[in-house]
Amino acid sequence: MVTELEYKENFFAGTRQDLLDRIETQLKPKRFKHVQRVEATAIELARENGVDVEKASIAGLTHDYAKQRPDEDFIQAIHDYRLNPGLLDYGNAIWHGVVGAELVKRELGITDEDILNAIRHHTTGAVYMTPLEQIVYMADYIEPARDFPGVEEARQITHHDLATGVAFQAKHTLAYLVDKDKPVYPKSIDTYNAWVPEHPGI
Ligand code: DGI
Ligand code: FE
Ligand code: FE
């Protein structure tokens, strides 16, 4: 049970309830519930894959911390923290992870790079992802309220083999973006190239 989880390590200076309270101030109720479902799924995947459950909890809860911030906050952060100025060509869909991780670091005091990278890469994936990064990327995609054609297959594949799940999402998200004439962030294409040819037929 998630509610019984106590933070024993020092990835966040406070209890899980303290972290929940901080996140609740940032998110509308629907999004706040989403991050708790992502946390629960991430914990499940962490247990299945021998990954630190506390890190999975913190990364799951914080992955969309910045999702509801105004664009100006992200633009300011890109300048203040000297992030790649090319990021300015994108929008909230990309910023809330990549730039959001910097806000999590500064505002919540979470400095573990594995957790921060899990936040950074949760939307686009990355060429190299640690097991924790793969878990957050997948938990966001298959949490129980997700409902899109193929989600059940995605769940089965992911619980059977995490890396194959990553390839499945990279492929289907890219196909979705192309179908909808949406701009594709180069990192999403890099993720596709790194993961999909290695897992043909998914
Ligand atoms: O924040 P969530 O909604 O929980 O989930 P998310 O951060 O994975 O965002 C999912 C959306 O992001 C989904 O509609 C696809 C979109 N997305 C993923 N990669 C890219 C992208 N959108 C654009 N424009 N470009 C990308 O490369
Ligand atoms: Fe997100
Ligand atoms: Fe999310």
Side-chain angles (χ1 to χ4, degrees), residues 2 19-20 23-24 26-46 56-71 73-74 77-78 83-84 86-105 108 110 115-127 129 132-151 154-155 158 162 165-196:
V2 173
L19 181 58
L20 276 174
I23 293 166
E24 193 170 16
Q26 299 288 314
L27 301 177
K28 295 189 179 133
K30 244 176 98 171
R31 177 73 40 189
F32 185 53
K33 289 194 187 100
H34 161 71
V35 301
Q36 291 174 81
R37 289 190 300 269
V38 171
E39 179 204 23
T41 305
I43 288 173
E44 227 181 289
L45 291 171
S57 163
I58 294 171
L61 288 175
T62 55
H63 82 282
D64 277 340
Y65 173 80
K67 181 94 174 182
Q68 287 163 345
R69 299 285 276 256
D71 285 358
D73 286 23
F74 293 113
I78 292 167
L83 306 181
N84 178 358
L87 279 167
L88 293 168
D89 294 340
Y90 294 86
N92 180 285
I94 298 301
W95 292 340
H96 81 277
V98 179
V99 186
E102 303 305 321
L103 300 178
V104 166
K105 186 174 175 177
L108 299 179
I110 293 168
I115 295 174
L116 295 175
N117 281 331
I119 300 169
R120 282 185 187 113
H121 297 151
H122 86 266
T123 307
T124 62
V127 170
M129 282 190 273
L132 181 72
E133 292 178 63
Q134 295 177 45
I135 281 170
V136 174
Y137 181 67
M138 291 319 302
D140 192 25
Y141 192 62
I142 64 168
E143 60 97 334
R146 291 287 190 209
D147 183 20
F148 55 83
V151 69
R155 288 184 181 117
T158 304
L162 184 59
V166 171
F168 183 96
Q169 180 177 174
K171 175 174 176 167
H172 289 269
T173 299
L174 182 61
Y176 164 84
L177 293 169
V178 170
D179 184 55
K180 300 282 177 211
D181 298 326
K182 300 235 191 204
V184 179
Y185 188 58
K187 209 167 197 124
S188 298
I189 298 174
D190 293 343
T191 304
Y192 171 90
N193 282 330
W195 292 83
V196 179

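One-based numbering, in listed order, for ligands and for the atoms of each. Quantities reported herein were computed from a predicted structural model and do not represent experimental measurements.
Between the CG atom of D140 and the CZ atom of R146 there is a distance of 5.0 Å, given to the nearest 0.5 Å. The OG1 atom of T62 sits 8.0 Å away from the CG atom of L116 when rounded to the nearest 0.5 Å.
With hydrogens left out, the protein atom closest to atom 6 (P) of ligand 1 is D140 OD2, 3.5 Å, a heavy atom. Atom 3 (O) of ligand 1 has as its closest protein heavy atom K67 NZ, 3.3 Å.
When distances from atom 13 (C) of ligand 1 to the protein are checked, no heavy atom turns up under 4.0 Å.
Applying the 4.0 Å criterion to heavy atoms of L177 picks out, from ligand 1, the atoms 19 (N), 20 (C), 21 (C), 22 (N), 23 (C), 25 (N), 26 (C), 27 (O). Each of the atoms 6 (P), 7 (O), 8 (O), 9 (O), 12 (O), 17 (N), 18 (C), 19 (N) of ligand 1 lies under 4.0 Å from some heavy atom of T123. Close contacts of ligand 1 with D64, meaning ligand atoms under 4.0 Å from a residue heavy atom, involve 1 (O), 2 (P), 4 (O).
Checked by distance only, ligand 1 and H34 come closer than 3.5 Å through their nitrogen or oxygen atoms. Close N/O approach between H122 and ligand 1 is found [any backbone or side-chain N/O within under 3.5 Å]. The shortest N or O to N or O distance between S188 and ligand 1 is below 3.5 Å. For ligand 1, one of its N or O atoms has an N or O atom of H96 under 3.5 Å away. The N/O atoms of K182, backbone and side chain alike, include none that comes under 3.5 Å of an N/O atom in ligand 1.
Checked by atom type and distance alone, the side chain of Q134 never pairs as donor or acceptor with a backbone atom of V166 at under 3.5 Å. Using a distance-only test at 3.5 Å, with no hydrogens or angles considered, a donor-acceptor pair links the side chain of W195 to the main chain of A126. T191 places no side-chain N or O within donor-acceptor distance of the main-chain N or O of A170, the cut-off being under 3.5 Å. Using modelled atom types, no side-chain atom of N92 and backbone atom of D71 make a donor-acceptor pair closer than 3.5 Å. Here the side chain of Q169 pairs a donor or acceptor atom with the backbone of Y137 at under 3.5 angstrom. Checking side-chain atoms of H96 against main-chain N and O of A93 turns up a donor-acceptor pair under 3.5 Å.
Shown here for Y90 and W95, the closest heavy-atom pair between the two residues is O-CZ2, 3.0 Å. When every heavy atom of I135 is checked against every heavy atom of A42, the shortest pair comes out as CG2-O, 3.5 Å.
More than 12 heavy atoms of other residues, nucleotides or ligands lie within 6.0 Å of OH in Y185, so this atom counts as buried by the packing criterion.
By the 4.0 Å heavy-atom criterion, P183 is counted among the residues contacting ligand 1. Taking a 4.0 Å cut-off on heavy atoms, E143 fails to register as neighbouring ligand 1.
Among the atoms of D64, an N, O or S atom falls under 2.8 Å of the Fe ion (ligand 3). Here H122 does not reach the Fe ion (ligand 3): none of its N/O/S atoms is less than 2.8 Å from the metal.
The N, O or S atom of D140 lying closest to the Fe ion (ligand 3) is OD1.
Rounded to 10 degrees, the NE2-metal-NE2 angle spanning H63 and H34 at the Fe ion (ligand 3) equals 100°.
With respect to R120, the side chain to side chain donor-acceptor pair (under 3.5 Å) criterion is satisfied by exactly one of H63, E133, E102: E102. A side chain to side chain contact (heavy atoms under 4.5 Å, CB included) with Y141 is found for one member of V151, T158, T173 and no other, namely T173.
The part of T173 lying near ligand 1 is the side chain, judged by heavy-atom distances below 4.0 Å. Contact annotation for K180 and ligand 1: no heavy atom of the residue comes within less than 4.0 Å of the ligand. When non-hydrogen atoms are compared, ligand 1 lies under 4.0 Å from neither the backbone nor the side chain of Q169. At a 4.0 Å heavy-atom cut-off, ligand 1 does not touch K187 at all.
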